[in-house]
Each structure stands twice: as C-alpha cells, then as structure tokens.
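Order of the sequence lines fixes the chain letters, A, B, ..., with proteins taken first and strands second; residue numbering starts at 1 for each chain.
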Amino acid sequence: MSKDNSIYSKIIPLVITMAVVVLVGTVITMAMPLLRDDMHPKLESTKEYTAIELEGRNIYQREGCVNCHSQMVRPLTADVVRYGDYTKAGEEFYERPFLWGSKRTGPDLSRNGGRYSDEWQIAHLKNPKQFYPKTNMPSYAFLDRPANAVDAEKSMKALKYPYTQEDIDLVARSTELEALTAYLQSLGADIPDNLYVKVEYSDYEDKMAPMSTVSPETKVAFVDNCAGCHGTEGEGTEIAAPLSDVIPDPVIDGPLFVSIANGIPYTMPSHIGIMTKRRIWELVLYAKELANKKRTVATTTNTDISAVDSGINK
Amino acid sequence: MKEISIDSKIVMGYIYSSLFWGVIGLLIGLLISIQMWDPDFNFGEYFTFGRLRTVHTNVLAYGLGIGAEMGVFYYIITKLTKRTLLFPKLAMVNLVIFNIGILAGTITLFMGYTQSLEYAEFEWPIDIGIVIIWVLFAINVIGTVATRKEKHMYVSLWYILVTVVAVAILYIVNNLAIIATLTKSYHLFSGLNSANVQWWYGHNAVGFLFTTPILAMFYYFLPKSTNMPIYSHRLSIISFWSLVFMYLWTGAHHLVYSPIPDWLQTLGIVFTIVLVAPSWGSVINGYMTVQPDWSKMNSQYLTKFFILGITFYGLQTLQGPSQGLRAISSLIHFTDWVPGHVHMGTMGWVVLVTTASMYYIVTKIYNTTIYSEKLANTHFWLVLIGQVVFSITMWITGIRQGAMWKSYNDDGTLMYTFMETLVGNYPYWQMRTISGAVFIVGMLFFLFTLIMTVVKGKREMSSK
Ligand code: HEM
Ligand SMILES: [Fe+2]
C-alpha cells in the first residue's frame with residue numbers, strides 16, 4: 001500500500017521523526033520553562049527546611065500522606081476561605097518534589113502550621129478518631145519510634161541545606177511523630193498571618209452575645225467541632241483544660257468570640273470560615289453554659305447533654 | 001504432538017505475568033476502596049492507605065499494563081513483520097528481569113520508598129531497572145521491525161514504536177534525582193518546575209502507556225477479529241501524527257489554578273481541547289470499520305469488547321478536555337470525579353481491549369477456539385457493569401462534594417465543615433467497593449476462560 005521509499009518503511013528515520021514530533025511540545029512546555037525566571041521565584045521568607053522538618057517531610061512522603069492531602073490552595077474564594085491564603089509560586093522554591101497532591105480525601109495542609117498545638121498533632125496522628133470519630137484517616141501510632149538522624153543528615157547534605165550538629169542531635173532525640181509534627185507546623189510559615197477571613201479584636205472587645213438561647217444545631221456543632229479537644233461537656237481533655245478553668249467568671253463574650261472565630265495560634269484552629277458568626281456567638285454562650293454547669297454542679301450524675309443528637313459524628 | 005513456537009512462549013509468558021500482577025493490583029484496589037469508608041481496615045505499617053494506594057496504581061500500571069503490552073506487542077510485531085523476534089532469548093531474559101523489577105518495586109513501595117511523583121513513585125534503583133528493561137525491550141522491537149519481511153508498516157507498528165520512544169524520554173527525564181541514600185532521592189527539579197515536569201510526565205504516561213499501546217492493539221485486533229479492514233488508512237495516519245504531536249503540550253491541565261504561570265496553564269488547556277480531534281479520529285475509524293456489518297457485534301464475541309472499549313475511549317477523550325477547562329476544573333479537581341474519569345479509561349478502554357486481544361492471541365497461538373463464549377460474555381458484562389457503576393458513583397460524589405466545598409452561608413462563610421462533606425462520600429465509596437468487586441469477579445471469569453482455552457488448546461494439540 002505505501003510507496004517503497006516512503007518514510008514509513010525506513011525505521012531509523014521514522015523513529016527519529018517520532019522523537020522530534022514528541023519533543024516539540026516537550027521543549028516548549030517542559031524544557032523551556034526550566035530556564036525561565038517566572039518558574040523559580042523565591043519569597044524573602046522562604047527558607048530551607050531544618051533537619052527535623054526535612055525528616056518529617058521524608059516521613060510524610062513515605063507514608064503517602066500526599067495521597068489524601070493536597071498542599072495547594074487555589075486562588076478561589078471557596079479554597080481561601082476554608083484553608084487560608086492561596087499558594088504563592090515563591091513558597092515552592094525548596095519543594096523537591098512538590099507535594100500539591102491531586103486528591104483531597106482529607107483537607108489541604110499547606111496552611112496547617114500553627115493551626116494546632118504539637119500535642120494535638122501527635123494525638124491526632126496517633127488516633128484521628130479521637131477527634132473526628134467518622135474520619136477515614138488511618139492511625140499512625142506506629143510512628144511513635146525514633147527518627148532516623150543518620151539518614152536525615154544525608155538528606156540535608158544531598159540537598160545542600162545548612163545545618164548544625166545540634167540540628168541533627170535534635171532529630172536523634174525525636175520520635176518520627178515529633179519530626180512529622182515539626183514538618184506540619186512549618187507548613188505555610190512563609191506567609192505569616194495567612195488566614196483569609198478573620199474578625200478584628202477591637203470590634204468585639206467589649207461586646208456581649210446578641211442572643212440568649214443556644215439552638216440544638218449549635219450543640220451538634222460543638223460535638224462535631226469542639227468536643228475532640230474540649231470534651232463533649234466541656235470537661236476538658238489532655239489537649240485543653242476544662243472550659244470552667246479556661247473561661248473566667250464573670251466574662252465578656254467578645255474576646256471569646258474572637259478566640260473561637262480566629263483561633264489561637266498553636267492552640268485552637270480558626271472557625272470563622274466554616275460557620276456563621278451567629279453560630280459562633282451561640283457557641284460562646286454554649287461554652288459558658290457548659291463551664292457554669294461544671295462550676296455549679298461540681299460532681300453529680302450525668303447532665304442531660306448526652307441527649308443531644310450528636311449528628312454526623314455518631 | 002506439537003509445541004508452540006518460542007515466540008509464542010514469550011508472548012504467553014508476558015501474558016501470565018501480567019495476569020499475576022493484575023490480580024494482586026486489583027485485590028489491593030479493593031482493600032483501599034474499603035479503607036476509604038472504614039479506616040479500621042488499615043493494618044499496621046505496611047497496609048495503610050497512604051502506602052497501598054501507590055502500590056495499587058503502580059502494580060496495575062507497570063505489572064499488569066506494561067507486562068500485557070510487552071507480550072501483546074511481541075505478538076503483533078511478529079505477525080506484522082512476518083518474521084520471528086530478532087532476539088527471542090533476550091525477550092525471555094527480559095521477562096525475568098521485568099518480574100524481579102516489579103517484585104522489588106512493589107516491596108519497596110510497601111516499605112514506603114517513594115519519590116511521591118504520581119506514576120513515577122519507584123525510587124532510583126528501581127528506576128534504573130525499569131530503564132534497562134525498557135531498553136532491552138526497545139532493542140527487540142526496533143530490531144525486529146527493522147529486519148522485517150513485510151515492507152509495509154501497518155499503523156499498529158507506528159503506535160508501538162512511538163510508545164517505545166516516548167516512554168523512554170518521559171521516564172528518564174522525570175526520574176532525574178538528587179540521591180541521598182540507597183532508598184531516598186529528591187526530584188532534580190524543584191517547586192514549580194517539579195510540578196510542571198511531573199505533569200508533563202504524568203499526563204503523557206497516561207498517553208503513552210494507556211492510549212497509544214491500546215490503540216496499537218485496537219487497530220490490529222479489531223480488523224483481525226471481525227475480518228473487516230480498517231475503515232481509513234489515511235485517517236489513521238492523520239490521527240496518529242496529530243495525537244503524538246499534541247499530547248505533549250497538555251500536561252498543565254493537571255495544574256489548573258496552581259501557582260505555575262498562567263500562560264503555561266492556558267497553553268496546556270488550549271491543546272487539551274484540540275486533542276479531541278485526533279482522539280476521535282481513531283474512535284470514528286473504529287466505528288466506521290464495523291459500519292458495513294454491525295451484526296458482528298452479535299455474531300463475533302470479541303467485536304463488542306473493541307467497540308465498547310473505543311466508546312469509553314471516546315467518552316474519556318470528551319470528558320478529559322472538559323476537565324481541563326478552568327470552570328470545570330475548579331469544581332471537580334481534588335474530588336472523586338477524577339478517579340471516576342481514570343477508571344473509565346483503565347477499566348473500560350484499557351481492560352476491555354487488552355483482555356479481548358489476549359483471547360484472540362491465545363486462540364491463535366494454540367490454534368483453537370475460545371473455551372466458552374458464554375463465559376467470555378459473562379466476563380464482558382461483569383466488567384462493563386462494574387466499571388460503569390464505579391465511574392458514575394464517583395462522578396456523582398465528586399460533584400456532590402465539590403459543590404459542598406463551595407456552598408456559602410448568607411454572611412459569606414462556608415456552609416459545610418470538611419467532615420460534613422467527607423461523610424457524604426461514604427455511601428458512594430461503599431457503592432464503589434461493590435462495583436469494584438463485580439469488576440474483579442468479571443476479571444476472574446476472564447482468567448478462568450483464558451486459562452481453560454489454553455488447556456483446551458494444549459489438549460487438542462497433543463491429540464493431533
Ligand atoms: C483527550 C484525552 C484526555 C484528556 C484531555 C484528559 C484530561 C485529563 C485531565 C484534565 C485530568 C486531570 C483532572 C484533575 O485532576 O482535575 C485527567 C486525569 C487523569 N486521566 Fe485523563 N484525559 C484524557 C484521556 C485519558 C485516558 C484515555 C486515560 C486512561 C486510560 C486517562 C487517565 C487519566 C488518569 C489516570 C488521570 C489521573 C491523574 C491523577 O493522578 O491525578 N485520561 N485527565
Ligand atoms: Fe492529563
């Protein structure tokens with residue numbers, strides 16, 4: 001059918017032609033960008049990972065956390081309201097490889113640093129169900145074992161990141177859970193103050209809640225979002241002291257509202273993106289209610305809180 | 001009593017090996033599908049979701065996919081070149097190296113040695129093994145085609161050649177790394193370039209592992225099994241060159257709304273849309289081939305595998321380009337929609353065409369007929385139902401969760417917490433486990449039918 005001397009009958013020219021055809025798009029969209037400045041910007045605040053953070057990142061890679069967690073906040077309102085400021089090109093300078101992921105089975109983690117305390121991170125990694133009974137995140141209790149300082153040092157050397165012997169000693173003293181936590185706490189640190197929506201303290205400094213009753217939905221919201229740390233009845237857990245100790249008596253509601261809305265760095269996550277202000281005001285009332293109940297009831301039998309429909313988390 | 005030829009033994013060796021890895025990959029797939037709705041199915045360190053998902057994709061892409069492709073290619077090549085393989089011993093040795101490589105790769109992924117680059121997870125020592133395997137394969141393919149006895153080169157051979165060339169380029173470049181230890185390396189490219197190189201690779205890995213090789217099979221086995229010539233040789237030429245040219249420009253559609261520069265995203269999206277044309281060139285060529293006699297769908301049991309296969313390819317290549325659009329990406333990216341898309345391609349297109357090709361090959365090699373058409377049809381229907389239900393449930397829940405992620409309250413805050421959007425997936429994920437199980441049962445029917453056909457063929461041979 002084809003002519004005898006057409007390209008289709010000469011294999012070497014044919015294979016070379018194929019390679020050339022494949023390489024055109026490759027050069028323009030893959031190779032050329034390697035040389036362009038707009039492909040490797042760097043923020044002033046972007047620094048190499050420390051030894052323990054890099055060890056944590058190695059563990060993050062090893063455990064395939066990237067298969068469930070993205071690390072790329074898109075410049076879309078829904079993304080930034082939930083996760084914080086969108087991912088900047090300049091933050092990515094030291095990412096080898098990039099860990100943006102392609103599936104959000106769990107939430108984005110690129111702004112996770114400072115959202116929680118180290119204790120929470122470790123307790124959550126060990127047993128995610130303790131905080132969210134219906135989560136599908138696996139338990140990583142097995143990471144409670146010594147981190148590998150020797151390999152961490154080799155990694156630092158290979159990547160030519162600066163480090164001191166002290167940095168390596170810190171890895172040697174740490175567990176894998178602690179190293180992973182150090183990495184998680186570093187996420188988003190290049191963009192300080194990366195909450196996209198937040199309330200101003202001055203606006204609420206001396207305010208009291210604009211309502212006096214707590215709806216059943218709010219009680220459900222407390223169980224779903226707060227009970228993991230504060231206990232279903234505000235009785236406290238290893239993560240947070242009982243509400244009766246945390247909330248002064250008497251108290252102005254405004255500052256509590258601001259704490260729940262914006263969160264407290266390295267202590268409690270922000271909630272303003274994922275619930276209405278009204279809901280947060282009601283949570284202030286509810287938290288106070290729980291604190292007062294604890295203070296007055298001291299030690300008696302069960303309160304009627306257990307009757308609250310626990311919604312999705314039960 | 002006759003023996004099958006050495007070339008046939010090689011082909012069968014690759015087929016058996018791919019079936020072995022296929023079963024393992026599918027069972028792990030079933031397990032991770034359960035882990036997604038019940039984390040108590042995570043066992044210890046080696047059987048957690050994060051590690052197993054990578055094992056699943058790699059065992060199936062490399063163990064099943066490449067293994068099957070190498071075997072089927074060797075078969076097609078010997079037929080189209082009208083000669084025996086140039087280096088049959090090399091092909092045998094390569095089969096052994098290949099299996100050692102996949103075994104070692106699988107074990108290392110269980111241990112968590114991964115480069116975290118999708119479809120390029122194997123760490124650098126395994127990469128070296130893969131490159132050696134591929135080079136040995138390329139030597140045999142190119143050598144045999146170069147010394148062929150048939151002047152004319154049918155389009156399947158071009159698809160095979162371009163697969164050999166492109167995979168080599170892609171795999172080597174994306175696996176360039178800074179080595180820290182025997183089990184740990186870091187992508188040579190950092191930040192935006194890491195992402196861009198990876199998705200140049202990732203998109204084209206799909207293109208040159210799950211598209212061009214399957215098209216090679218399709219163009220060869222559809223006419224063979226229906227006894228009807230391909231509709232248009234010219235259309236196949238045009239589709240071939242335009243597909244091969246355009247595929248390489250589109251990787252950035254995996255990085256829509258990411259920090260990579262807008263021009264790069266837009267360029268990728270534009271080519272993504274144009275890619276519909278060459279893809280549908282092959283779809284139309286397939287339909288028009290059967291056009292003169294659609295009753296073949298009924299009378300020749302393999303026809304439906306190929307026609308349904310190319311139909312899913314057609315749907316895939318319409319869905320894919322739409323996913324690249326910014327508006328649609330913003331809704332479905334990061335959701336289960338994407339696994340829905342993926343599995344229409346792999347469980348629909350790739351598996352239907354590959355398994356039908358294997359039926360054809362086995363009956364030819366053993367000069368026999370299929371052990372039971374009824375069982376082959378059962379295989380077809382179970383696989384079809386499993387795949388369709390799988391994909392549809394994932395599309396629904398992807399849109400569902402994607403829409404929940406962007407639902408707002410009146411005051412501009414988001415309506416749902418992450419957990420609220422997650423638990424809504426569980427019923428759909430359970431549905432997927434069921435449909436996946438149906439698919440696997442279908443594949444067991446395939447396995448049984450194929451092996452019984454071999455047994456039947458062997459028996460007939462020895463009684464001759
Ligand atoms: C014209 C043809 C195609 C186009 C333009 C296309 C486009 C796309 C796009 C845009 C995505 C990314 C979705 C997202 O993450 O938001 C994607 C993902 C994917 N597609 Fe396709 N697709 C095509 C055909 C195919 C075929 C035939 C297969 C397999 C047989 C396939 C397999 C995949 C896989 C495995 C992924 C997942 C990548 C990941 O891990 O994130 N695609 N495709
Ligand atoms: Fe793609």
(Q) Under the criterion salt bridge (Lys or Arg N to Asp or Glu O under 4.0 Å), I'd like the reasoning laid out for A/Arg57 against A/Glu53: C-alpha separation, chi angles, the key distance, then a yes or no. (A) CA-CA 6 Å; A/Arg57 194 177 193 271; A/Glu53 288 166 0; over 6 Å; no
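Of the two parts of B/Lys406, the backbone and the side chain both hold a non-hydrogen atom closer than 4.5 Å to a non-hydrogen atom of chain A. Contacts of B/Ile169 with chain A are made by side-chain atoms alone, with heavy-atom separations under 4.5 Å and no backbone atom involved. Within the 4.5 angstrom heavy-atom criterion, only side-chain atoms of B/Thr48, from C-beta onward, approach chain A. Neither the backbone nor the side chain of A/Lys157 has a heavy atom closer than 4.5 Å to any heavy atom of chain B. Contacts of B/Phe240 with chain A are made by side-chain atoms alone, with heavy-atom separations under 4.5 Å and no backbone atom involved. With a threshold of 4.5 angstrom between heavy atoms, B/Asn204 does not approach chain A through any atom at all. The parts of B/Trp158 that come within reach of chain A are both its backbone and its side chain, each placing non-hydrogen atoms under 4.5 angstrom from that chain. If you measure heavy-atom distances from B/Tyr201 to chain A, you find no contacts under 4.5 Å at all. If you measure heavy-atom distances from A/Tyr196 to chain B, you find no contacts under 4.5 Å at all. With a 4.5 angstrom heavy-atom cutoff, B/Met111 touches chain A only via backbone atoms. Neither the backbone nor the side chain of A/Leu143 comes within less than 4.5 Å of any heavy atom of chain B. Proximity to chain A involves both the backbone and the side chain of B/Asn193, based on heavy atoms less than 4.5 angstrom apart. Proximity to chain B involves both the backbone and the side chain of A/Leu34, based on heavy atoms less than 4.5 angstrom apart. When heavy atoms are compared at a cutoff of 4.5 Å, B/Leu157 does not approach chain A at all. Of the atoms belonging to B/Tyr408, it is side-chain heavy atoms, and not backbone ones, that fall under 4.5 Å from chain A.
Note on B/Ala180, B/Gly251, B/Ala252, B/Ala177: by heavy-atom pairs under 4.5 Å with chain A, the leading option is B/Ala180. When each of B/Pro259, B/Ser258, B/Gly424, B/Gly268 is scored by its heavy-atom pairs under 4.5 Å with chain A, the top score falls to B/Pro259. In terms of heavy-atom pairs under 4.5 Å with chain A, the best-connected choice from B/Val164, B/Ile142, B/Asn196, B/Val165 is B/Asn196. Listed options B/Gly191, B/Ser407, B/Gly412 were ranked by heavy-atom pairs under 4.5 angstrom with chain A; first place goes to B/Gly191.
The heavy-atom pair separating B/Gly44 from A/Phe142 by the smallest distance is O-CE2, 3.9 Å. Considering all non-hydrogen atoms of both residues, A/Lys103 and B/Trp429 come closest at NZ-CZ2, 4.2 Å. Minimum heavy-atom separation, B/Ser194 to B/His187: OG-ND1, 2.9 Å. Between A/Leu109 and A/Tyr60, the shortest heavy-atom contact is CD1-OH, 3.7 Å.
For the atom pair CD of A/Glu91 and CG of A/Asp190, the computed distance is 5.5 Å after rounding to the nearest 0.5 Å. Interatomic distance, B/Phe245 CZ to B/Phe271 CZ, rounded to the nearest 0.5 Å: 5.0 Å.
The aromatic rings of A/Phe257 and A/Trp281 lie parallel to each other, with less than 30° between the two planes, well short of the 60° mark. Ring geometry for B/His233 versus B/His152: interplanar angle of 30 to 60°, hence tilted.
Not a single donor-acceptor pair under 3.5 Å links the side chain of A/Arg36 to the backbone N or O of A/Pro33. The backbone N or O of B/Asn409 lies less than 3.5 Å from no partner atom in the side chain of B/Thr413, so there is not a single donor-acceptor pair.
Stacking of A/Lys88 on the aromatic ring of A/Tyr86 is recorded, both the 6.0 Å distance cut-off and the 45° axial limit being met.
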